[in-house]
Amino acid sequence: MDQGTTAYTVQRPVNVLGIGGSTRPGSTAELALRATLAAAERLGAKGTVIGGAELVMPLYDPAERDLSRPARRLLDAVAEADALVIASPAYHGSTSGLLKNALDHIEELRTHERPYLSGRAVGCLTVAQGWQSGVATLGALRTITHALRGWPTPLGVVVNTSATGFTEDGHCADPRVREQMETMARQVVEFARMSHR
Ligand SMILES: Cc1cc2nc3c(=O)[nH]c(=O)nc-3n(C[C@H](O)[C@H](O)[C@H](O)COP(=O)(O)O)c2cc1C
């Protein structure tokens, strides 16, 4: 056995933060988000979800110094995240106002040691009743991620609810969509591990 100076590195699990969903009870976007976070946890990550109800906060005002409690919680979680998954329903061809307003608050992290989403992988996930809006909304989420200096994963996922749905225990009924969510979770976790070695 090596009696010398072998270094043992104990790696903590990567923190993957999920943001998204709607305030609708049984939100499909939130179910998809939780399923993706569960896949990340199976790969050894620690998942935290800030769902639709927790994204209800006043409209972002850059001049406001007294941020609401949900906004502060969101910003603290973003600052601590090693990677993120962002999920939105398609609302009239783009991301919901609820999610966009929450993401606008990330402006408050511009002077943070890791500004905005810098250095973090971001898995983008959308839910829509058709492909056209689902894909357009996915493009919007990826653009927002770029603007926030994050790294969209190679694979983004669209769940088309006219083609599939979620079971009561939160699994997507379509195995191909499940596989896509698992692949995206793997890309998020692997990127986080590579960049936090
Ligand atoms: C205000 C509103 C606008 C919507 N706009 C679109 C749309 O443009 N295209 C589409 O495919 N689905 C649209 N939908 C359907 C939602 O994207 C879809 O039902 C989604 O699953 C809702 O997400 P949730 O289950 O997380 O609430 C809209 C729904 C609402 C409430």
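Quick note: residue numbers are just sequence positions, from 1. Counting starts at 1 for both ligands and their atoms, following the listed order.
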>> Applying salt bridge (charged side-chain N to carboxylate O under 4.0 Å, His left out) to Arg42 and Glu182, what does each step give before you reach the verdict?
In response: CA-CA 10 Å; Arg42 287 195 292 278; Glu182 282 162 12; 3.6 Å; yes
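- The side-chain heavy atoms of Val177 and Cys172, taken from C-beta on, include a pair separated by under 4.5 Å.
- Remark: Phe191 pairs with Trp151 by the ring-ring contact (aromatic ring centres under 6.0 Å, His included) rule, at least two apart or across chains.
- Residues with a heavy atom under 4.0 Å from ligand 1: Ser22, Arg24, Ser27, Thr28, Ala29, Pro89, Ala90, Tyr91, His92, Gly93, Val127, Ala128, Gln129, Gly130, Ser133, Thr161.
- In Glu107, the CD atom is crowded: over 12 heavy atoms of neighbouring residues, nucleotides or ligands sit closer than 6.0 Å.
- Thr137 and Thr126 are not linked by any side-chain donor-acceptor pair at a separation below 3.5 angstrom, with hydrogens and angles left out of the test.
- Contact annotation: the side chain of Val78 approaches that of Ile19 to within less than 4.5 Å [non-hydrogen atoms, C-beta and beyond].
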